[in-house]
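Note that ligands are numbered from 1 as they come in the structure, with each ligand's atoms numbered from 1 the same way. Just so we're clear, the structure is a prediction, and the values are computed from it rather than from any experiment.
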Amino acid sequence: MCGIIGMISKNEFSSGDLIEALKKLEYRGYDSAGLAMIDNGIRIVKSVGGIKNLEEKAEEWKARIGIAHTRWATHGSVTEANAHPQLSNNGKIAVVHNGIIENFQEQKKFLIENGFTFYSQTDTELIPNMIEYHMKRGYDFVEAVKRSLKHLEGQYAVVAIHKDENKLIGIRKEAPLVVGVGKGIFFIASDIPSFLDYTKNVIFLEEKDMVIVDDELQIFNLLKDAIVERPVVKIDWDAEQAKKGEFEHFFIKEISEQVEVISKLSMLDKEIIKDLADEIRKARGVYIVACGTASHAAMYGLYLFSKISKRHINFCVASEFPHFHHFLTKKSLVIAVSQSGETADTLAAIRAAKAADARVISITNVMGSTLMRESDKSIIQRAGPEISVVSTKAYTSQLAILSLLAYELAGKLEEGREKLKELIRYVYYLTSLNMREHVRKLAEGLRYTEHMYIIGRGLQYPTALEAALKIKEVSYIHAEAYAGGELKHGTIALIEQGTPCIVFTSKENEKETISNAIELKTRGAYIIGVGPNNNEVFDFFIKVRESGELNSICQIIPIQILAYQLALLRGCDPDRPRNLAKSVTVK
Ligand code: F6R
């Protein structure tokens, strides 16, 4: 949901450097982009479309201070006027912003009454003008930013510059903002990958922190009304991980990286897992919550905890969870799963839990994320930066962690770790060129399909849900998933001659699922089997060996590849699906 970055350096940098840093945030939004640099006044350039368009339009400027933005539109259509940075009326202040200002209409009215004019439909334009308003009343730049943002409601991360000030100011409220601390160079950005080429030293800002960087760095917390100290953390992400390297797209690169992720997690420190498992043991009532792909991982947890640990946990998509707050007590435990740790619905769910004094633990990929900071305990997924908007390796890392937790709860952690280790070579095979070639044949046959149905039973049901989501979000083919037994209760009416249906099987539920496949075939469906054994009912078969409880990790991989190939064949950009943004920081 919009990527923002500010750079301030002892030495000059170019507009090209700023654009390169911005490109690492493109997964956050890509309908328009812009940048501003201080060079004898504020120079500004904006363009509609991806950052490539901005790159073509931008001249080679040099400066020591600059800000940039890549947009996922909320207020106002996709036009240059609505792209950021937004300028104040006097042209002296430029601002980039991620989030939504909820009281912008009344604030805008106030500014109009005070002689300001608005040239865009954005809520953002309010901010530089509010700063100008306060500066006109005699406050300096820093104080004016403070006063302006104190009264804004909603969620925001903002970076502001002033043409006559040697300063970069950033401020956050319920939206991510981190500081990169390099040698003679500082960054204030939505996410770490943007500055990994320069530094791995990061400050994670807290709620309502305002960071002011000139020759030094100072953090002021608006809630405490005081200067605060925040630690500098060295993160173990690598700049190369945030680049495509030899791959054409992040999507396929990240599919291939799943082998390293499983390998890392198979060696995860036992104490980390034990500690979280103890929280589950102690709790009375455990709820697992998440959104989108992460919710499919959470649902896998639901099945797995029942099967392996003989424990009941409750599952709920995070956006619905606050409706169940009535059941929460201080003995309840909420497990939140979120790659970004910034998803607004997931955060709202854990805040509902906190309001009832329940405990919260989280599984997240981003160290220092809001979810991590607001949880009592967290486990980091160790998937490395996931840049593609479509989640792949983060999903399988969530499955792996949940499987370890389930095994630990059953007193069999070693067995769980061994099972993950046994999977490493096989996951490598599943992402290999051989598999890609095989799946490509299927993709060619399906490229003009409009509708597709996917079924699975037990652990294969969340896999079916995840498979449908992958196909929908990158190829725009309508794909719907059902529990194996459910399709016949209505939706089977939609099956026609040639309707493709993917059927996930496993040793445990082979018979019933094959019966369901036969029901579909009888109505003319084209059946694609994914599982350990071929069957005469399948028109196309993807063999994925039997891996018991870990089938879910293996079986999704060929379908991730299928979604990727369908996207390519249908002319869709796999890394930047339409209408989507990586972390959904609005409710
Ligand atoms: C789909 C996808 C989304 C996210 C969802 C939650 O490929 O990426 O469905 O899984 O928006 O995001 P996180 O995990 O960051 O909370």
Legend entry - Steps toward salt bridge (Lys or Arg N to Asp or Glu O under 4.0 Å) verdict (Lys253, Glu257): CA-CA 6 Å; Lys253 175 174 183 263; Glu257 283 170 352; 2.9 Å; yes

Legend entry - Short side-chain to backbone donor-acceptor contact, Glu174 and Gly154, under 3.5 Å: no

Inset, instruction - Please state whether the rings of Phe251 and Tyr564 are parallel, tilted or perpendicular, taking 30° and 60° as the class boundaries. - result: perpendicular

Inset, instruction - For the pair His438 and Phe540, name the ring-plane relationship: parallel under 30°, tilted 30 to 60°, perpendicular over 60°. - result: parallel

Would you mind running through ligand 1 and noting each atom that sits below 4.0 Å from a heavy atom of [X]?
{"X": "Ala294", "answer": "10 (O), 14 (O)"}
{"X": "Val390", "answer": "7 (O)"}
{"X": "Val389", "answer": "8 (O)"}
{"X": "Ser340", "answer": "13 (P), 15 (O), 16 (O)"}
{"X": "Glu473", "answer": "1 (C), 7 (O)"}
{"X": "Lys470", "answer": "1 (C), 7 (O)"}
{"X": "Ser391", "answer": "7 (O), 8 (O)"}

Inset, instruction - Heavy atoms only: give me the nearest Ser190-Arg28 pair and the separation to one decimal. - result: CB-NE, 3.5 Å

Legend entry - Test of proximity, Thr346 against ligand 1: N or O pairs below 3.5 Å: no

Legend entry - Gln398, any N or O under 3.5 Å of ligand 1 N or O: no

Inset, instruction - From atom 10 (O) of ligand 1, work out which of Val337, Val474, Leu371, Thr293 has a heavy atom at the shortest distance. - result: Thr293

Legend entry - Ring centre gap for Tyr287 and Phe324 strictly below 6.0 Å: no

Legend entry - Crowding at NZ, Lys52 (>12 non-hydrogen neighbours, <6.0 Å): no

